[in-house]
Amino acid sequence: PAAHELACLTDKAGIGLEPGTAPCIRLSGSYRHPLEADSVSDVVGVLTAWVISIVSLQTPVVYSQTCIMSQAAAKEQKARQQEVLEWVRAILKGTVDVPAGDMAEVLKDGTILCKLIAALPEGKCGKYNKKAAGKFQQMENCQAFQNAMKAYGLPDEEIFAPVDLIEKRNINQVTMSLLALARKAQHKPGYTGPVIGPKESTENKREFTEEQLKEAEYTPRAW
């Protein structure tokens with residue numbers, strides 16, 4: 001088994017994988033894909049060596065471009081989460097102590113979120129549990145925050161589900177929801193907090209005279 005090395009090389013078997021992602025085993029100085037084996041016993045031998053190499057971790061893993069891109073995206077998401085958490089901390093400064101740490105863990109029980117939207121201009125939140133140690137109370141708080149975001153003017157597609165936060169099913173959606181809330185708040189009169197994310201678009205209505213519309217009808221087109 002020590003002679004077998006695991007690597008990620010271009011797919012030699014033509015099975016439709018992207019370059020650099022097909023796993024191959026180097027046997028006797030040459031790389032071989034399991035589908036290139038000449039016999040059933042050869043397939044078994046190659047796959048056995050493959051499994052042993054993975055389990056023993058005898059050689060470093062060569063990451064594909066897809067893997068590297070995924071790592072970059074994860075790093076960017078973490079940075080965005082910290083940006084959102086800093087925004088929450090700035091809005092609640094002087095009233096609520098927002099601890100440092102992972103955004104999902106800090107916001108999970110929903111109490112900070114309910115206080116957050118109540119602190120925004122024209123924002124308010126219904127009844128929620130001030131202490132939410134249990135999952136049921138956390139769900140209730142997140143649902144109260146959901147309703148408050150809807151009342152604040154956010155569409156359903158920009159509002160995360162309670163399980164996205166509490167069970168960490170989709171933390172990226174939680175981040176997007178809070179960025180959307182920040183965008184909406186920045187558009188409200190009296191907002192003095194920090195600006196994060198893109199500004200909310202506003203209507204740019206234009207009026208044309210009847211003469212201008214007729215002139216446009218007879219304007220030659222470029223194509």
Main-chain N/O of Arg169 paired with Asp164 side-chain donor or acceptor, under 3.5 Å: no
Under 3.5 Å: donor-acceptor pair, side chain of Ser177, backbone of Phe160: yes
SB check Asp97 Arg89 (cutoff 4.0 Å): no
CD1-CD distance between Ile91 and Glu86, expressed to the nearest 0.5 angstrom: 12.0 Å
Within-4.5 Å side-chain heavy-atom neighbours: Ile159 and Tyr152: no
Residues Glu83 and Arg80 bridged, charged N to O under 4.0 Å: no
Within one Ile-Leu-Val-Met-Phe-Trp-Tyr cluster: Leu181 and Tyr128, side-chain cutoff 4.5 Å: no
Least distance between heavy atoms, Ala104 atom then Lys168 atom: CB-CE, 3.9 Å
Asn129 side chain to Lys131 backbone, donor-acceptor under 3.5 Å: no
Between OG1 on residue Thr111 and CG on residue Leu116, distance to nearest 0.5 Å: 11.0 Å
Distance, nearest 0.5 Å, that separates CD1 of Ile117 from CE of Met149: 6.5 Å
Distance-minimising heavy-atom pair for Ile112 and Asp109: N-OD1, 4.3 Å
Nearest-0.5 Å distance that lies between atom CD1 in Ile166 and atom CE in Met139: 4.5 Å
Lys/Arg-Asp/Glu bridge criterion (N-O < 4.0 Å) met for Lys184, Glu122: no
Atom pair CG (Asn141) and CG (Leu113), whose distance is rounded to the nearest 0.5 Å: 9.0 Å
Donor-acceptor contact present, side-chain Gln173 to main-chain Ala161, <3.5 Å: no
Non-hydrogen atoms of Cys125 and Ala118 that approach each other most closely: N-CB, 4.5 Å
Spatial distance of atom NZ (Lys108) from atom SG (Cys142) [nearest 0.5 Å]: 10.5 Å
N/O donor-acceptor pair under 3.5 Å between Gln143 side chain and Gln138 backbone: no
Lys150 to Phe145, cation-pi by 6.0 Å centre distance and 45° axis angle: no
Heavy-atom closest pair, residues Gly101 and Leu85: O-CD2, 3.5 Å
Worked verdict on Glu167 versus Lys135 for salt bridge (charged side-chain N to carboxylate O under 4.0 Å, His left out): CA-CA 9 Å; Glu167 298 181 1; Lys135 189 174 180 180; 2.6 Å; yes
Path from Met103 to Val163 over hydrophobic side-chain contacts below 4.5 Å: no
Criterion side-chain contact (heavy atoms from CB on, under 4.5 Å) on Val106 and Asp102, from CA distance to verdict: CA-CA 6 Å; Val106 172; Asp102 180 67; 5.9 Å; no
